[in-house]
2 protein chains.
Amino acid sequence: MIVADGRQAMYRKVAAELRQGIADGAYGSGGRLPAEAALAQTYGVSRGTIRQALALLRADGLVTSRRGTRRVVLGTARVQTFSETVSFTRWARSLGEEPGGRVVDVVRRPADEVEREKLRLAEGEEVCMVLRVRTLSGAPVMVERSVYPRHIGEIVAQLDPAAVSHTVPLEEQGVQFTDVHHTIDVTFADADDADLLGCGIGDALLRERRHSTDPAGTPVEWSEDRYLPGTVAFTVHNSSATTGLSRRTTI
Amino acid sequence: MIVADGRQAMYRKVAAELRQGIADGAYGSGGRLPAEAALAQTYGVSRGTIRQALALLRADGLVTSRRGTRRVVLGTARVQTFSETVSFTRWARSLGEEPGGRVVDVVRRPADEVEREKLRLAEGEEVCMVLRVRTLSGAPVMVERSVYPRHIGEIVAQLDPAAVSHTVPLEEQGVQFTDVHHTIDVTFADADDADLLGCGIGDALLRERRHSTDPAGTPVEWSEDRYLPGTVAFTVHNSSATTGLSRRTTI
DNA sequence: CGCGTCGAGTTGTACAGCCAACCTGGCCAC
DNA sequence: GTGGCCAGGTTGGCTGTACAACTCGACGCG
């Protein structure tokens, strides 16, 4: 039985418990979960709440579900939450790596055409571009070029240049990244990339372009990250209806 | 008002209608959706059903949602359904490209260690490996190495070597790919890749490794696809809770 | 003019119930 | 043995209700 503390929805707490149970191997891999009705009774909630919790696990690819038979455990829990997939810092820490980096450049300038479309700005409005190198345990792995609309850029520009994370302070200032659209492909290093990552000009890099909006649907960031090959891989899960993204290291 | 025909769940039909409405610009980009209660009335269903429909749209990144205010339209509809993200053939067709390809090699052999783990096989069990080149409008863009457990491999091996799609006939045989886990990174062309794709040995390729299971949680495919840079990009969307994957061309 | 308060509107969470669709295993007839 | 049938168990789909949490504009006060 779980007690409501009002700070987190019941179904999320139930989901967390189930996730833990799966990670502990309480049901075995390929094993079966108890029926929804049974779970409802043991957790002292209604079946609807259990179904909400299970929908979260299903979106993470932890369990299957189909009509007529009990849910099957697909794999062990991935620790990463959504926020870790957006924040390089938290993601790295969750892997036991020590994230680092430095701000190479901060530029304020009028938005170009692509930026105006992505950030939904009018002609002539300014953006703030931050160029950073990011490291894992000291070794450079990624170049990040983030473009922010002005009001957010102000916050970023005033951060300690040595700050490891920009996401955390931004969230503390009330900036939320709730909807993120990623595009992943391959590109090739330009002179700056080569210099910052210590690779050759023209070497292949794994590119992630990221477009984030806040809960109101207002664009808050447009970023292009370039990773050295072999340092990270992106993992995505999708079921027939819902899916989940995470990032993992390949070092 | 939508009529139930019993072949598709109401909430999916409502979702499809809303998707269409968004694509048609009925609500405008950045505009607001009607309230759940209003939608429930216009479609003649309960609010719960509307919420199920909206959950689908949210997972696709089409709308935001937060407490206290109406949903905001984030972007226009992406046509691609989940199945298109798994089937190269359907994906290509949905873009107006003509997919093609040829089977280069079919091998039956004992599963190696990785394959045994991915397909959950016992030592000594055989797998069927299919090596294919896939083309878009005639140009080779991808090398696919798919490994199937025996009983599925039998079906694949008996397909017409000129068959464009393997997924479609497999589904007709009752093989379903409901849960798919993707890993995306960069790798480098070996001699076979270079030969088949017409690139140089050691050239960078975008790699997608794919692990699919059926509704019962049984592994059905373990595949490694290698794309020429610049031909495709993977796009992923995630909201705080749910996410959606699609693939798009960059040609 | 700026500021806080208030209230209507809206989504989130949770409960209870009902039936349909479907899977599984056991039983029975052949 | 083999195949079909049936009953029980289980999830999917849908409805209805209630309240909590939150947003945002209107309004009034200083």
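In what follows, chains carry the letters A, B, and so on, assigned in the order in which the sequence lines appear, proteins first and then strands, with residues in each chain numbered from 1. When reading the values below, keep in mind they use all heavy atoms of this one structure, side chains included, and skip hydrogens, waters and symmetry mates. Everything numeric in this text was worked out from a predicted model, so none of it was measured.
Atom C1' of nucleotide C/dT10 and atom CD of B/Q41 are separated by 15 Å, given to the nearest angstrom.
Inspection of the A/D179 and B/H237 side chains reveals an N or O donor paired with an N or O acceptor under 3.5 Å.
For residues 144-159 of chain A, the side chain to side chain donor-acceptor pair (under 3.5 Å) pairs, not counting sequence neighbours, are A/R108-A/E154, A/R132-A/E144, A/R134-A/E144, A/R145-A/D193, A/S146-A/E221, A/S146-A/S223, A/Y148-A/E221, A/R150-A/E154.
Smallest separation of non-hydrogen atoms from A/T69 and A/R32: OG1-NH1, 3.2 Å.
In this structure, B/H211 and B/W222 have perpendicular ring planes: the angle between them is above 60°, well past the 30° mark.
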- Message: So if I define the base as every atom that isn't primed, P, OP1 or OP2, how would nucleotides 6-16 of chain D read as a B/S/- string at a heavy-atom cutoff under 4.0 Å?
- Response: ---BBBBBSB-
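The only member of B/I50, B/V45, B/T49 that meets side-chain contact (heavy atoms from CB on, under 4.5 Å) when paired with B/Y11 is B/T49.
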